[in-house]
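Worksheet: the structure to be examined is printed underneath.
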Amino acid sequence: MITKPKEMHATATEDEELAGHHEEADSDEGAVEGSVNAGGDAKKKKKKKKKPKKKRVEQSDPPRVGLSKIFTDGIYPEGEVQPYKNDNAWRTTSEEKRYLEKMALEDPECDSTARKYIRPGQSLTEIAEYIENGTRALVEENGLECGVGFPTGLSLNNCAAHFTPNAGDTTILQSGDVLKVDFGVHVKGRILDSAFTLTWEPTYDKLVEAVRAATDTGVREAGIDVRLGELAGYIQETMESYEVEIKGKMLPVKPIENLSGHSIGAYQIHGGKSVLLVKNEDPTKMEEGDYFAIETFGSTGRGRVVDSSLLRTITTNFGTLPFCRRYLDRIGESKYLLALNHLVQQGIVQDYPPLCDAIGSMTAQFEHTILLRPTVKEVVSRGDDY
């Protein structure tokens with residue numbers, strides 16, 4: 001959790017001083033009234049008015065009030081805390097580990113109301129800007145110190161990941177669409193990466209359920225010393241236990257084999273370790289202090305994505321945080337396409353095109369960011385809604 005200088009002491013001192021003034025006023029008033037009764041010519045002193053108490057700042061709707069103005073003591077809510085399992089169970093009760101954790105813990109807290117806001121009929125640009133403007137307001141965006149973690153992903157239907165609307169995009173969300181919303185926030189380079197899927201067509205409810213369950217399985221089974229290849233197997237088993245009925249035909253839900261979850265580094269959305277969605281022989285172990293995005297993708301198609309357009313999203317320019325052309329437009333850049341393409345061709349900037357399965361298939365996504373603390377694992381992106 002991020003801690004800030006506490007202001008409670010000053011407030012308490014003010015309250016004590018106010019209380020002292022009220023006591024003095026009561027005492028003086030008693031003396032004056034005694035004088036009136038005795039002599040009849042003394043004037044009463046006026047009572048001092050109480051200072052109005054400061055109203056607690058409440059969040060607006062949509063949320064645009066900076067979190068530091070609400071949590072004025074600098075203490076932010078924890079994410080969902082889950083105990084470790086099996087051989088790691090001792091960590092939850094280790095006094096030494098709890099002490100080390102208390103000394104080292106410093107995490108941002110993020111919340112989103114996007115699920116309540118998004119509705120068919122809105123443009124993808126509207127949705128992206130609503131989410132990102134909310135993030136900027138909540139963390140009180142300040143250059144590279146804190147702000148949006150990466151461009152909001154708004155991938156429709158068979159497109160599984162990495163699509164974000166750029167200037168001039170007129171795509172309108174339809175009631176039959178399956179929308180993947182992938183958003184990020186960072187504080188001092190500590191990125192929270194979270195995703196969910198929305199659909200207004202009951203046909204795809206089982207697809208969404210399968211992918212959400214697979215992500216929850218990955219979160220549950222993750223832990224210190226867990227091998228990434230084995231964790232992928234647990235995710236695969238959960239997802240493949242589901243089927244979706246589309247137009248009278250039962251289709252298996254397949255994990256998308258060439259997409260993955262990933263570790264997260266400081267100012268680096270992909271930190272080097274990958275959690276694939278199909279069981280494999282990767283012996284790499286999760287380690288204490290690792291920061292992972294456990295994200296899973298399921299499909300009713302072939303379960304493999306390919307680059308399918310010339311649209312490019314970019315990872316390294318705003319520090320090493322991802323950005324997109326819309327962000328260059330936002331800061332006033334123009335006529336940059338030729339130079340940008342040159343940077344991509346030279347390998348200086350890396351492109352991330354939208355990733356899509358077969359046309360006609362539908363894909364879904366859920367994701368949570370977990371921190372492997374010494375005594376427990378914390379799901380820092382877990383909210384009441386998912």
Side-chain angles (χ1 to χ4, degrees), residues 1-7 57 59-60 62-77 79 104-114 125-154 162 164-167 181-195 262-272 291 293 312-337 339-340 343-344 348-352 369 371 380-381:
M1 294 183 183
I2 295 176
T3 55
K4 295 183 180 177
K6 295 188 177 180
E7 302 173 2
V57 177
Q59 189 54 266
S60 61
R64 295 294 184 268
V65 178
L67 294 179
S68 68
K69 296 178 176 64
I70 297 175
F71 301 99
T72 55
D73 57 2
I75 306 300
Y76 295 88
L105 189 61
E106 183 176 292
D107 275 314
E109 176 69 20
C110 170
D111 187 30
S112 173
T113 59
T125 300
E126 282 180 281
I127 296 169
E129 291 181 347
Y130 176 87
I131 294 171
E132 291 163 3
N133 288 339
T135 297
R136 292 183 180 106
L138 290 172
V139 299
E140 298 162 84
E141 182 183 41
N142 180 23
L144 289 175
E145 187 74 8
C146 56
V148 176
F150 52 83
T152 300
L154 297 172
H162 292 171
T164 190
N166 283 310
V181 180
D182 193 354
F183 65 96
V185 57
H186 87 93
V187 175
K188 298 180 180 178
R190 193 76 161 182
I191 304 170
L192 182 146
D193 185 358
S194 188
H262 49 88
S263 59
I264 302 174
Y267 291 98
Q268 292 283 354
I269 189 62
H270 289 267
Y291 196 53
R312 299 184 181 275
T313 52
I314 304 113
T315 44
T316 320
N317 192 1
F318 292 81
T320 51
L321 293 173
F323 69 100
C324 63
R325 285 165 44 194
R326 180 163 43 88
Y327 287 12
L328 296 177
D329 296 333
R330 184 174 183 270
I331 61 176
E333 293 290 334
S334 62
K335 300 180 180 179
Y336 52 77
L337 282 179
L340 183 58
L343 290 175
V344 172
I348 299 171
V349 171
Q350 185 177 355
D351 61 337
Y352 280 79
T369 298
L371 173 66
V380 296
S381 58

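Not measured: the values here are computed from a predicted model.
In terms of heavy atoms, Phe150 sits closest to Tyr327 at O-OH, 3.8 Å. Closest heavy-atom contact between Val380 and Leu371: CG1-CB, 4.5 Å. Contact record, Pro165 with Leu154: CD-CD1, 4.2 Å, taken as the closest heavy-atom pair. In this structure, Leu144 and Tyr267 approach most closely via the heavy-atom pair O-OH, 2.8 Å.
Applying the side-chain contact (heavy atoms from CB on, under 4.5 Å) rule to Ala195 yields the partners Asp182, Gln365, Glu367; only residues at least two apart in sequence or on another chain are considered. Contacts of Glu126 classified as salt bridge (Lys or Arg N to Asp or Glu O under 4.0 Å), with partners at least two apart in sequence or in another chain: none. Listed by chain and number, the residues in a side-chain contact (heavy atoms from CB on, under 4.5 Å) with Ser263 are Lys273, Phe292 (sequence neighbours excluded).
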Run the side chain to side chain contact (heavy atoms under 4.5 Å, CB included) test on Glu141 and Thr135 for me, step by step, so that the C-alpha distance in whole Å, both residues' side-chain angles and the decisive distance to 0.1 Å come before the verdict. CA-CA 8 Å; Glu141 182 183 41; Thr135 297; over 6 Å; no
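Annotation: side chain of His186 is not in contact with side chain of Ile264 (no heavy-atom distance under 4.5 Å). Using a 4.5 Å heavy-atom cutoff, the side chains of Ile191 and Val185 are not in contact.
Once rounded to the nearest 0.5 Å, the distance linking CD of Glu129 with CZ of Arg136 reads 8.0 Å.
The side chain to side chain donor-acceptor pair (under 3.5 Å) test with Arg326 is passed by exactly one of Thr152, Thr164, Thr125: Thr164.
Checking side-chain atoms of Ser381 against main-chain N and O of Thr369 turns up a donor-acceptor pair under 3.5 Å.
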